[in-house]
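These notes are about the structure you will find just below.
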Amino acid sequence: MPAVQPAVQPAFPRSTVLGYPRIGPRRELKRALESYWEGRSSRQELDRVGAGLRERTWRRLAELGLEGLPSNTFSLYDHVLDTAVLLGAVPERYRRAEDPYFAMARGTQGLAPLRMTKWFDTNYHYIVPEVGPETVFALDAAKPLAEVRQARALGFETRPVVVGPVTFLLLSERGAAALDRLDDVLDCYAELLGVLAAEGVAWVQLDEPALVADRTAGELAAVRRAYERLGAVAERPGLFVAAPYGDLGEALPVLAATPVEAIGLDLVRGGLDGLAALAGAGSAGGGPAGESSAGESPAGRGPLAGKTVVAGVVSGREVWRTEPGRAAYALRVVREHAGDVAVSTSCSLLHVPYDVAAEPDLGPELRARLAFAEQKVAEVVELAHAAPGEPAVAPEPVGAPAPVAAGERGPYEVRAAAQAERLRLPLLPTTTIGSFPQTGELRAARAALAAGTLTETAYEDLVRAEIERAIRTQEQLGLDVLVHGEPERNDMVQYFAEHLDGFAVTRNGWVQSYGSRCTRPPILHGDVSRPGPITVRWARHAQSLTDRPVKGMLTGPVTIVAWSFVRADLPLRDVVFQVADAVREEVRDLEAAGVPIIQVDEPALRELLPLRRAGQAGYLEWAVAAYRRATSGAADGTQIHTHLCYSDADQILAAIDGLDADVTTIESARSGGRILGAVGGFGRGLGPGVYDIHSPRVPGADEIEELLRETLKALPAGRVWVNPDCGLKTRTYEQVEAALAAMVAGARRLRAEPSPA
């Protein structure tokens with residue numbers, strides 16, 4: 001269907017980014033959110049902080065010379081949740097809440113939140129929309145319009161960014177089945193285009209990252225229908241469809257055959273595969289995209305000849321400076337096929353910190369190799385103004401991974417018997433995942449230690465006191481397997497990075513994980529090794545305080561690497577196995593110290609899974625082998641636990657079973673127990689979570705008992721553990737004590753029954 005073009009279609013800006021960090025250089029949004037949630041400030045004060053952060057972003061991007069400024073990339077919690085509100089997809093049960101937006105994100109005492117899971121293969125979490133036959137869609141364009149108007153009042157014209165219709169539906173609870181509502185959703189998007197056109201907006205960006213994964217013929221047909229429909233809107237901005245996080249593959253010719261004016265390609269993650277797809281796109285043929293006129297690109301043919309390709313040649317996922325030769329090579333190849341070319345980041349800069357200049361502690365050699373958000377914007381601008389004829393070289397491929405051995409333990413049945421004899425745990429044993437609340441006093445002490453105003457001895461005395469508080473709290477509540485609470489750790493990955501060679505840590509390199517939750521990913525820049533024990537003294541101290549078993553707490557090799565910015569000169573597998581060897585040494589030292597249970601967490605196992613099926617089996621093979629190598633030194637009587645959270649674990653249950661951990665704890669409460677439908681054949685101990693710790697809501701004993709009864713329908717009682725969904729670091733002691741008391745009570749009720757299985 002030919003598009004009815006706007007009367008005047010402005011050229012796409014030569015330089016742009018797909019999005020920008022939104023938490024604030026000093027986590028201003030985090031503090032404003034938590035103040036609002038705790039009732040210490042008003043919604044108006046929260047909105048003022050948001051407006052100030054948006055203004056700072058637009059001014060800084062303009063100062064750096066960026067031509068195309070995005071808007072509507074700011075969010076008070078999550079951009080997918082924002083899109084649900086934009087489309088009116090707010091489930092009825094939330095509409096009566098005092099603040100429906102945050103009720104969906106975090107829940108209330110009487111209302112569970114929507115499910116949360118990982119955003120593609122990143123460590124960002126999004127709120128999963130509910131889209132059913134009963135959903136009534138109705139456009140609410142207040143947020144994108146307000147941001148366009150705010151920017152315009154400051155003198156900036158912006159390009160609103162919205163999650164695209166196909167991705168929005170595919171990421172909803174029903175997945176591809178939700179495409180039965182595509183036409184209704186498109187009505188809202190078409191209306192939005194008209195509203196933006198009336199506002200004088202020249203371009204709109206629709207993000208369709210779901211298209212870089214394998215898609216069925218029916219899903220590709222939905223892409224075609226969606227963009228033919230939107231392209232036919234009579235009065236609309238130019239349509240820019242961005243596809244970050246990988247290679248568009250078979251979706252590229254489909255999208256190119258629609259009337260969209262600009263297509264964004266991730267030429268970092270998509271790499272040369274994406275460029276090869278460009279060369280082959282002409283075979284799609286047909287439609288207005290195949291038409292060209294004299295004076296267009298040198299190629300003059302094929303579906304991209306009349307399009308602007310927004311070339312994502314600067315990585316939005318990594319912190320290394322862009323190799324100019326590689327970027328120039330990619331741009332040269334793109335120009336051979338596209339009608340016009342703009343330079344951009346490969347994805348939103350949401351995934352990187354703000355500014356290398358804020359990191360005085362990094363050595364000069366390492367700093368010279370780094371580019372955070374501000375430096376990446378400068379790289380985009382520089383590449384956009386470089387002469388097309390400058391030297392361009394194809395990138396050198398990374399070498400083949402070295403062979404590695406996985407390592408093995410004894411048969412599970414032998415281990416289980418030895419552990420039962422050693423631990424003597426009751427039926428349905430209760431435990432937590434690891435961390436306990438990080439109090440304000442503890443955070444202040446850590447900051448004082450870093451500033452040099454608190455001695456190491458005084459700090460460690462406080463850590464020991466916090467460990468004792470956590471142990472005594474668990475004893476009083478009646479938990480069976482205890483944790484030391486991890487008060488010495490600022491973050492489960494950063495703490496290990498600080499004690500391993502080959503890593504550097506930042507002072508202000510914060511990256512948003514979800515809502516107000518931020519992390520500082522370490523920078524893995526060299527070969528990894530362990531100079532000495534890391535956790536042993538704290539585990540030994542905790543065990544000395546109680547006669548109940550205390551778990552030693554470690555982060556697994558895949559997760560340490562996944563939640564770091566990783567060197568690019570070695571295959572990822574080789575880097576993971578270096579970390580696995582360091583973890584293995586720590587496991588051996590914990591065991592030698594008499595620690596009876598060692599938990600090696602791998603919440604990122606699903607996260608690193610390649611988006612396309614062709615690479616998934618190979619990844620899972622070496623990821624599982626790395627975990628088994630890290631834990632292979634443990635004796636039969638030492639119980640190995642692992643934990644996974646908020647990452648659709650049901651999709652990789654066979655691989656999780658392959659980890660060969662004695663006990664696996666998995667998020668289940670927030671997702672409504674969906675994991676239970678897949679665990680029937682799981683052959684080891686399993687703890688589907690019964691308490692969603694990412695919400696301030698405290699469950700009661702009746703609710704937990706019911707969740708456990710559902711678990712016992714899927715698993716025999718002898719293999720069921722009782723635990724929260726995740727660590728308790730972000731909660732208060734008041735919330736934790738009430739929830740854990742309910743958890744213990746629910747488990748004890750079932751133990752008291754004659755046949756809990």
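Under a 4.0 Å N-O distance rule, the pair Arg567/Asp527 qualifies as a salt bridge. Salt bridge Arg584/Asp581: absent, no basic N to carboxylate O contact under 4.0 Å. The pair Glu705-Arg709 meets the salt-bridge criterion, since a charged nitrogen lies less than 4.0 angstrom from a carboxylate oxygen. Between Arg749 and Asp702 there is a salt bridge, since at least one side-chain N of the basic residue sits less than 4.0 Å from a carboxylate O of the acidic one. In this structure, Arg588 does not pair ionically with Glu585, as no charged nitrogen and carboxylate oxygen lie closer than 4.0 Å. Between Arg115 and Glu173 there is a salt bridge, with a side-chain nitrogen of the basic residue lying less than 4.0 Å from a carboxylate oxygen of the acidic one. For Arg415 and Asp662, the salt-bridge test passes: some basic side-chain N is under 4.0 Å from an acidic carboxylate O.
Ring geometry, Trp37 versus Tyr77: the interplanar angle falls from 30° to 60°, so the pair is classed tilted.
Sorted by first and then second residue, the ring-ring contact (aromatic ring centres under 6.0 Å, His included) pairs with a member in residues 475-496 read Tyr495-His499; sequence neighbours excluded.
Side-chain N/O atoms of Thr535 and Glu586 include a donor and acceptor closer than 3.5 Å. A side-chain N or O of Tyr124 and one of Asp78 form a donor-acceptor pair less than 3.5 Å apart. Donor-acceptor pairing under 3.5 Å is recorded for the side chains of Gln438 and Arg446. For the residue pair Asp601/Thr555, the side-chain donor-acceptor check at 3.5 Å is not satisfied. Between the side chains of Glu602 and Thr559, at least one donor-acceptor pair of N or O atoms lies under 3.5 Å.
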Candidate pair Arg684 and Asp657, rule side-chain contact (heavy atoms from CB on, under 4.5 Å), full reasoning:
CA-CA 8 Å; Arg684 297 167 182 79; Asp657 197 29; 2.4 Å; yes

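Around CD of Glu710, the count of heavy atoms belonging to other residues, nucleotides or ligands within 6.0 Å exceeds 12. Summarising the local packing, CD of Glu441 is surrounded by 12 or fewer heavy atoms from other residues, nucleotides or ligands at distances under 6.0 Å. By the 6.0 Å contact criterion, CD on Gln109 is enclosed, its count of non-hydrogen atoms from other residues, nucleotides or ligands being greater than 12.
Judged as a ring-ring contact (aromatic ring centres under 6.0 Å, His included), and not counting sequence neighbours, the contacts of Tyr619 are Trp622.
Taking the centre and axis of the six-membered ring of Tyr733, the NZ or CZ atom of Arg469 falls inside the cone set by 45° and 6.0 Å.
Put simply, the side chain of Trp563 reaches to within 4.5 Å of the side chain of Glu607, judged on heavy atoms. Residues Pro610 and Gln616 meet the side-chain proximity criterion, which asks for heavy atoms closer than 4.5 Å.
The minimum heavy-atom distance linking Thr430 with Gly478 is given by the pair OG1-O, 4.0 Å.
With Asp725 contributing its side chain and Ser668 its backbone, the two residues share a donor-acceptor pair below 3.5 Å.
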